[in-house]
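Okay, structure first, notes after.
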There are 2 protein chains.
Amino acid sequence: MPFKNTFFKSAFSVDNVIFGLDDSKLKVLLIRRKGEPFKGEWALPGDLVHPKENLRDAPKRVLKELTGLVDVYLEQVHTFGKVDRHPVGRVVTVAYYSLVNIHKVKPRAASFASEVEWFPVFDLDSLPFDHLEILHKCTSRLQKSVRTMPIGFELLPEKFTLSDVQDLYEAVLNKKLDKRNFRKKFLSMGILVDVKEYQTGVAHRPAKLFRFETETYDEFKAKGFNFEI
Amino acid sequence: MPFKNTFFKSAFSVDNVIFGLDDSKLKVLLIRRKGEPFKGEWALPGDLVHPKENLRDAPKRVLKELTGLVDVYLEQVHTFGKVDRHPVGRVVTVAYYSLVNIHKVKPRAASFASEVEWFPVFDLDSLPFDHLEILHKCTSRLQKSVRTMPIGFELLPEKFTLSDVQDLYEAVLNKKLDKRNFRKKFLSMGILVDVKEYQTGVAHRPAKLFRFETETYDEFKAKGFNFEI
DNA sequence: AGCACTTAATGTAATATTTACACTTAATCT
DNA sequence: AGATTAAGTGTAAATATTACATTAAGTGCT
């Protein structure tokens, strides 16, 4: 095995940018680092990839440790590999993002974290390592993906109003959208089902409730839906 | 340095999918592998990332070894990391693509290659490792990027006709486009300069020659051009 | 010289998409 | 009962996309 001799000392890790929607704001789950370097600072959750672990399973493991969730939407974004990006050694990291329903989740500290907390994405302006760059790249990718994929599956409760959906899109895109145009376009895609119920207990006209036609993104794709917003 | 003890035996590599345009076909540069595994088979060019080399420099080095070219358009696409993707050990690979002018280049065998040759992208249906998947992913990405970035810089000669540009787009997208609509849209972007010359020696009405307003993609971005085709 | 051949160049009308915009409705709260 | 809040709804103008056919300017052949 001539090849094996050329292996060199290095490591690869994954970072998982976990997005959620709360209070009409796009938030990201950060951990307080348990170990050096940057011990005690808020950073993106991540871990080294295990030797017998498929790459894509590593961010899933990180997410599961922190939230208990499995089977959420997960997208690989970019790999960061500057020689000096990690102060301790050569670590190439693959960045992923996932989308979770912030209200269905009670994040808990994990092996690599002493504390976890949701932070508003657009307020963060410093993070250790190159984590700010990673966050930016993942946020940009999310903003692109949200226009061609029905990611609401993951971020909304089972039944929701059209205003909930619009709030979500405004939070992710970080800008206001026209109400009538948004509703027109979203409804015309035919992926929502009217559940024939209404909001209750709100101090205004109650909104109609909807659910998604399919329950996961994979099902959605399988049905051959087209999506563009 | 508690972190360092957790490093494990593994390697990361890059693969560079080098695209060119020839005979109105999108082609990719393959190498005949010099070493095991898959010795003697046609495969994507790639190499292990050197310990003190920034990740993005590795595909540049591969390209330079094979073609002598530096400063070409290079885009990271995806990282592949299934445990068993490489028969000899754990190798996570980062896939890039670059675009080169096939007629300005005389590819030569490199340390890892005994032979190099251009192959039509849409005719390939088997490659070693997961290289076919990598090629597909890079081709799809190129097809997306070509609609929002003026990649013609890299693939066309300095002076070219509008038909050359259309041929390029048809080769990359692998479909026919409407001549009048294409020209209208491309010209309206204002990135072409009429060089006031005409083709010579062709057995038909000679076409006007154009050049790009800027010489590199970075300049293009710097000028704040908008592009969508 | 004339004709055949090849690709370049050009405009318009029909259709589809996107944008901008304001009032009425139905509930709660005081 | 009146104030407050967010839900729900349609249209016209502007813009973008699509489909489509004829004339122009060279070379090559006889």
Side-chain angles (χ1 to χ4, degrees), chain A residues 21-25 143-144 146-148 152 156-157 159-171 173-211 225-229, chain B residues 21 23-25 143-144 146-148 150 152 156-157 159-171 173-211 225-229:
Chain A
L21 182 74
D22 177 38
D23 190 24
S24 291
K25 275 189 179 155
Q143 291 179 331
K144 272 184 199 153
V146 84
R147 303 190 80 95
T148 53
L156 292 172
K159 296 172 186 176
F160 49 82
T161 70
L162 280 173
S163 295
D164 290 340
V165 183
Q166 186 170 346
D167 279 357
L168 163 66
Y169 276 79
E170 291 181 347
L173 299 174
N174 201 24
K175 70 173 181 194
K176 283 280 170 203
L177 302 172
D178 180 89
K179 188 169 168 178
R180 278 180 287 194
N181 294 338
F182 180 86
R183 295 161 93 92
K184 210 185 311 174
K185 192 142 196 201
F186 207 93
L187 280 173
S188 76
M189 295 182 306
I191 59 170
L192 293 190
V193 179
D194 183 345
V195 299
K196 310 275 184 198
E197 288 172 53
Y198 289 85
Q199 273 182 319
T200 52
V202 287
H204 55 79
R205 178 172 174 177
K208 264 191 170 183
L209 295 176
F210 292 85
R211 62 174 176 81
F225 276 116
N226 224 4
F227 190 99
E228 189 94 19
I229 205 151
Chain B
L21 182 74
D23 190 24
S24 291
K25 275 189 181 155
Q143 292 179 331
K144 271 182 201 157
V146 85
R147 303 191 81 96
T148 53
L156 292 172
K159 297 171 186 177
F160 48 84
T161 70
L162 280 173
S163 295
D164 290 340
V165 184
Q166 186 171 346
D167 278 358
L168 163 65
Y169 275 79
E170 291 181 346
L173 299 175
N174 202 26
K175 69 174 181 194
K176 284 279 171 203
L177 302 172
D178 180 88
K179 188 168 171 178
R180 278 181 285 193
N181 294 337
F182 180 85
R183 295 159 93 93
K184 209 184 312 172
K185 192 144 194 198
F186 207 92
L187 279 173
S188 76
M189 295 182 307
I191 58 170
L192 293 189
V193 179
D194 183 344
V195 299
K196 311 274 183 201
E197 288 172 52
Y198 289 84
Q199 273 182 320
T200 53
V202 288
H204 55 78
R205 175 172 176 179
K208 264 192 169 181
L209 295 176
F210 292 87
R211 63 173 174 80
F225 276 116
N226 222 5
F227 190 98
E228 189 94 19
I229 204 152

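A quick note: this is a predicted structure, and the numbers were derived from the prediction, not measured. Numbered from 1 within each chain, the chains take letters A, B, ... in sequence-line order.
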**Prompt:** Is there a residue in residues 187-198 of chain B whose heavy atoms reach under 4.0 Å of DNA chain D, and which residues are they?
**Reply:** none
**Item:** Between C1' of dT18(D) and NZ of K176(B), the distance in whole Å
**Value:** 18 Å
**Asked** Within this structure, what is the CG-to-C1' distance between N181(B) and dA13(C), rounded to whole angstrom?
**Response** 13 Å
**Asked** Under 4.0 Å between a Lys/Arg side-chain N and an Asp/Glu carboxylate O for K175(B) and E170(B)?
**Response** no
**Request:** Kindly determine whether R147(B) and E228(B) satisfy salt bridge (Lys or Arg N to Asp or Glu O under 4.0 Å), including the steps that lead there.
**Result:** CA-CA 5 Å; R147(B) 303 191 81 96; E228(B) 189 94 19; over 6 Å; no
**Asked** Are Y169(A) and F182(A) close enough that their ring centers fall under 6.0 Å?
**Response** yes
**Message:** Testing the basics here: between K185(A) and I229(A), what is the closest heavy-atom pair and its distance to 0.1 Å?
**Reply:** CG-CG1, 4.2 Å
**Message:** Within this structure, what is the CE-CG distance for the pair M189(A) and N226(A), rounded to the nearest 0.5 Å?
**Reply:** 9.5 Å
**Asked** Looking at CG of L162(B) and CG of L187(B), how far apart are the two atoms once the value is rounded to the nearest 0.5 Å?
**Response** 5.0 Å
**Prompt:** What is the distance, rounded to the nearest whole Å, between atom CD of Q199(A) and atom C1' of dA27(C)?
**Reply:** 10 Å
**Request:** Mind calculating the distance between CG (D164(B)) and P (dA9(C)) to the nearest angstrom?
**Result:** 10 Å
**Asked** Of the nucleotides dG11(C), dG8(D), dT17(D), which has the atom closest to the K185(B) side chain?
**Response** dT17(D)
**Prompt:** Contact class for T161(A) (heavy atom, under 4.0 Å): base, sugar-phosphate, or nothing?
**Reply:** nothing
**Item:** Per-nucleotide protein contact string for nucleotides 21-30 of chain D, where B marks a base within reach and S marks sugar-phosphate only (heavy atoms under 4.0 Å, - for neither)
**Value:** B--BBBS---
**Request:** Grab the CG-C1' distance between L162(B) and dT10(C) for me, whole Å please.
**Result:** 12 Å
**Request:** Report the distance from atom CD1 of I229(B) to atom C1' of dA16(D), rounded to the nearest whole Å.
**Result:** 14 Å
**Asked** Once you round it to whole Å, what is the distance between P of dG11(C) and CZ of F182(B)?
**Response** 18 Å
**Asked** Is S163(B) touching bases, backbone alone, or none of the nucleic acid, heavy atoms closer than 4.0 Å?
**Response** sugar-phosphate
**Prompt:** Between dT19(C) atom P and K184(A) atom NZ, what is the distance in whole Å?
**Reply:** 11 Å
**Message:** Please find the pair of heavy atoms, one from L209(B) and one from Q199(B), that lie closest to each other, and give the distance.
**Reply:** CG-N, 4.1 Å
**Atom of S163(B), atom of R183(B) and distance for their closest heavy-atom approach** = OG-NH1, 3.7 Å
**Complete:** Here the pair of heavy atoms bringing S24(A) nearest to D167(A) is OG-OD2, 3.5 Å
